[in-house]
Amino acid sequence: MSELASKQCVPCRGGVPPLGADEIAKLSPQLKGWEIINQHHLQKTYRFSNFRESLEFVNRVGNLAEDQGHHPDICFGWGIAEIKIWTHKINGLTESDFILAAKIDEL
């Protein structure tokens, strides 16, 4: 288990700035295959051999999101699932976004 994946997401109450470039640069090497889009959100595409595998993965992500109280945007279809993560309350990235991404990678 990665260091990030061992942590718990912390609910954002708002009123805090999103992570800056330096903070993002420290956290991003701990993730594999995740893109950082405009320092605003994390994005990763997972590929599967059929629709059922995509759906099962999405359901596991949904259960994890509920457990963590942190919910990604998910788009999926036959053999594919795209995950986007950011903290909507502040319209940017927090450490919890990186934690959730690391946890998703361990599903």
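Atoms CD1 and CD, on I80 and E82 in that order, are 7.0 Å from each other to the nearest 0.5 Å. Summarising the geometry, atom CD1 belonging to I83 is positioned 9.0 Å from atom OG1 belonging to T45; distances are rounded to the nearest 0.5 Å.
W86 and V16 are assigned to two separate hydrophobic clusters, defined by single-linkage of ILVMFWY side chains at heavy-atom distances under 4.5 Å. Both W78 and F48 are members of a single hydrophobic cluster when ILVMFWY side chains are connected at heavy-atom separations under 4.5 Å. When hydrophobic clusters are built by joining Ile, Leu, Val, Met, Phe, Trp and Tyr residues whose side-chain heavy atoms come closer than 4.5 Å, directly or via intermediates, V10 is not grouped with L100.
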| task | Start with the C-alpha gap between I104 and I85, add the side-chain angles, then the distance that decides, and say whether side-chain contact (heavy atoms from CB on, under 4.5 Å) holds. | result | CA-CA 11 Å; I104 290 170; I85 305 171; 3.9 Å; yes

| field | Pair L42-I37, side-chain contact (heavy atoms from CB on, under 4.5 Å): steps then yes or no | value | CA-CA 6 Å; L42 303 173; I37 310 297; over 6 Å; no

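For residues 50-62, the set of pairs meeting the side chain to side chain donor-acceptor pair (under 3.5 Å) definition, not counting sequence neighbours, comprises S49-E53. Sorted by first and then second residue, the side chain to side chain donor-acceptor pair (under 3.5 Å) pairs involving residues 13-34 (not counting sequence neighbours) are W34-D105.
Heavy-atom minimum distance, I99 versus L4: CG2-O, 3.6 Å. A pairwise comparison of heavy atoms in H40 and L93 identifies O-CG, 3.5 Å as the closest pair. Between T94 and D97, the shortest heavy-atom distance links the atoms N-OD2, 2.6 Å. S2 and E106 get closest at one heavy-atom pair: N-OE2, 3.0 Å. When all heavy atoms of F57 and A81 are compared, the pair lying nearest together is CD2-CB, 3.9 Å. Nearest approach of I90 to C12, heavy atoms of both residues: CG2-SG, 3.7 Å.
Between the side chain of Q68 and the main chain of C9, a donor-acceptor pair closer than 3.5 Å is present. Distance alone, capped at 3.5 Å, is enough to place a donor-acceptor pair between the K103 side chain and the A5 backbone.
Legend: residues meeting side chain to side chain donor-acceptor pair (under 3.5 Å) with K7, ordered by chain and number and at least two apart, are E95.
Between the side chains of E35 and H41, no donor N or O sits under 3.5 Å from an acceptor N or O.
Note: Y46 and F76 fail the aromatic proximity criterion, with ring centroids not under 6.0 Å apart.
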